[in-house]
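Below is one structure; the comments refer to it alone.
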Amino acid sequence: MRIRVGEFEVVSLTDTAGPFFTYRDAYPTTPRETWQPFRAEYPGYFAGEDGLFTRVGCFLVRGEGRTLLVDTGIGPGPVALFGGSRGRLMEELATHGAAPQQIQVVFLTHLHPDHVGWNLAPDGKPSFPNARYLASRADWEAFHRAEVKAAMEALVPGCVERDITPLGDLGVLELVEGETEILPGVRVLPTPGHTPGHMSLHVASRGQQALILGDVFHHPAQVPHNEICVAFDMDPQGAIQTRKRVVEWAAAERIPLAGCHLLPHGLGRIARRAEGVAWEPL
Ligand SMILES: [Zn+2]
């Protein structure tokens, strides 16, 4: 699945997908009945009584002679947290005719383990040898604090020491702060909350636009219910504020959106309906 944004295209890539979590574990503070109204419109997100079907996605942005990869999935695995699955990002890229050597920028929306897995190859070299890797300074600092690093390593062993930290020594890392244009028409927007430095990518060309949102939303229910926080939202209040801001902007301008964990391909829009706002897959 791909969308055109003027001279650019945004291509959805799926690294892995499956019923890896339960609603109880992923949304421990959200009462069970909150989900009920969403079962009919978004059946793909529900696996049995309490199972949550999720996808780990990345996006390719290309056009104007540029090729960017947004996030790098769970990696070669197998990753126990994701049902022992192995990421298939490299096959996905090949399917879309994108060789690793062609990627000029790897944009990391944030540094959670399911977004950094293919940063480095098994030999420790960058998987995308000609790319600069962009991460937010706030996340880089947070994920190198002892308690955050320990918590992440407990979830996915090696996800900081093997997949993130070496980027600094390899000379490929560029730390980003605030709102920044990284290429003509491609702008980084801070969308903090899920992690301290979580960032989104705004793509604009010839009067069209799209917004790649990383993990601002994990579930369509969070569009009308901004207060629903996934267990991995590190700053829940910040995440809620970011969702409110994005919903208002994206609904007003009907902006095509891309979310890493949304189904079936992560691409959609926010519609205003009589009963309120709703996520509509493209
Ligand atoms: Zn994620």
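Both ligands and their constituent atoms are indexed starting at 1 by order of listing. Hydrogens, waters and symmetry mates play no part in the numbers below; they use all other heavy atoms, side chains included. Each residue takes its place number in the sequence, starting with 1.
Here His194 and His112 bring their ring centres to under 6.0 angstrom of each other. If you look at Phe21 and Tyr27, their ring centroids are not closer than 6.0 Å.
Vertex the Zn ion (ligand 1), arms ending at NE2 of His115 and OD2 of Asp215: the angle is 90° after rounding to 10 degrees.
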*asked:* For Thr109 and His115: C-alpha separation, side-chain torsions, deciding distance, then whether side chain to side chain contact (heavy atoms under 4.5 Å, CB included) applies.
replied: CA-CA 8 Å; Thr109 60; His115 298 259; 3.9 Å; yes
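The 12-atom threshold is exceeded at CZ of Arg254, counting heavy atoms of other residues, nucleotides or ligands nearer than 6.0 Å.
Among heteroatoms of the N, O or S kind in Asp114, OD2 lies nearest the Zn ion (ligand 1). Summary: NE2 is the N/O/S atom of His261 found nearest to the Zn ion (ligand 1).
A tilted orientation is assigned to the rings of Tyr133 and Phe128, their planes being inclined by 30° to 60°.
At a threshold of 2.8 Å, the Zn ion (ligand 1) has no backbone or side-chain N, O or S atom of His110 nearer than that distance. The Zn ion (ligand 1) has no N, O or S atom of Cys260 closer than 2.8 Å.
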